[in-house]
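Remarks on the structure that follows.
Reminder, nothing fancy here: chain letters follow the sequence lines and each chain counts from 1. Please read these numbers as outputs of a predicted model, since none were measured by experiment.
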Amino acid sequence: MTSRPPNGHFTILYFASAGSFTTKNVEALPAPLPLSKLFATLEERYQGIKENVLDNSLVTVNLSYVDMPGGEDGETSDEEIVIQEGDEVAIIPPVSSG
Amino acid sequence: MSDPTQPQQQGAELQDDVCYVALTWGHLNVQDMMNRVRSPAAGAIVLFAGTTRDNFAGKPVKELQYTAYDKLALRTMMDIAKALVAKYGLKGLAMIHRLGTVPIGEESILIAVSSPHRQAAWRAGEEALEECKARVEVWKREEFEGEGGVWRANRDGVQGQKVTEGDAAAQV
């Protein structure tokens, strides 16, 4: 269902409030990108997104939830995740099914 | 690039042993969901239907719009279903969520559970709904009369986020 992003890029999906803030549901961003740089990269493109959306959201890479480096718990992981070409990243705001 | 945040109009489904989960753009069918969990070993089927309410804290709601991360939502729904089948010894669990525009008063989710005895089915049905609301990657936007919508959050203490008119147009 998901077509692959252009060479040297990953796909990022913006759901719910993330989509409203960016005014798009999907785009391709340059890869590789360390996960720790993701929020700063998005903030650069969409000023205010971190405070308004990302700080309340979860992140998945290829359908798996990932811990954002430098999170509130202050833990640092030994091996940092790097988003690779062709990966599918998603911004997951608080869910509201039912 | 195709847009994976916009589900295919025909929806999607997963079946694994006695578990069935689905997302659909069509109307929900109670009889179909009951039939999916029907079993000669079951003495009870419990069915839950969630319907769309016409107000949020007294403010009139015109309609609701649901969107999903299809692939991940189905996977999470299946995780929930399998865990509850194991925990309560269920004979079947079926869960379907509607996407797109849902007019007020219509079903947005159905959960059907069958078990040898009714107590397990009641409990598993309630737990399935609570788990679904807490975890499944589906989002609801309430559209108010004459203004933009609000993305709702089920999580306690998280306010829905206002969508401006311009933003709302980008979501269509």
Quiz item: For B/A134, is it the side chain, the backbone, both or neither that has a heavy atom under 4.5 Å from a heavy atom of chain A?
Solution: backbone

Exercise. Return the option, out of A/S64, A/A90, A/G98, with the maximum number of heavy-atom pairs under 4.5 Å with chain B.
Key: A/G98

Practice problem: Give, for atom CG of A/L63 and atom CZ of B/R75, the distance between the pair rounded to the nearest 0.5 Å. | Solution: 4.5 Å

Quiz item: Should the heavy atoms of other residues, nucleotides or ligands under 6.0 Å from CZ of B/R135 be counted, would the total exceed 12?
Solution: yes

Quiz item: Which hydrophobic side chains are connected to A/V82, either touching it within the sub-4.5 Å cutoff or through other members that do?
Solution: none

Self-check item: OG-CZ distance between A/S17 and B/R141, expressed to the nearest 0.5 angstrom
Solution: 11.0 Å

Exercise. Would you indicate whether the side-chain heavy atoms of A/I92 and B/W139 approach each other to under 4.5 Å?
Key: yes

Quiz item: Would a hydrophobic clustering, with Ile, Leu, Val, Met, Phe, Trp and Tyr connected at side-chain separations under 4.5 Å, put A/L33 with A/F39?
Solution: yes

Practice problem: Any chance you could measure A/S97, atom OG, to B/K133, atom NZ, to the nearest 0.5 Å? | Solution: 6.5 Å

Quiz item: Within a radius of less than 6.0 Å around CD of B/E126, do more than 12 heavy atoms belonging to other residues, nucleotides or ligands occur?
Solution: no

Quiz item: Do B/W151 and A/S20 get their side chains close enough for a donor-acceptor pair, meaning under 3.5 Å?
Solution: yes

Exercise. To the nearest 0.5 angstrom, please state how far the CZ atom of B/R152 sits from the OG atom of A/S96.
Key: 8.5 Å

Quiz item: Does any non-hydrogen side-chain atom of B/N154 lie less than 4.5 Å from one of A/P94?
Solution: no

Quiz item: Out of curiosity, B/E137 CD to A/Y65 OH, how far, rounded to the nearest 0.5 Å?
Solution: 3.0 Å

Self-check item: Most contacts with chain B, counted as non-hydrogen pairs under 4.5 angstrom, among A/T60, A/L58, A/T22, A/V95
Solution: A/V95

Practice problem: With a 4.5 Å cut-off on heavy-atom pairs, point out which of B/L129, B/L72, B/I109 contacts chain A the most. | Solution: B/L72

Practice problem: For atom CZ of B/R118, decide whether the heavy atoms of other residues, nucleotides or ligands shown that lie under 6.0 angstrom number more than 12. | Solution: no

Self-check item: Cluster check B/V37, B/V18: I/L/V/M/F/W/Y, side chain < 4.5 angstrom
Solution: no

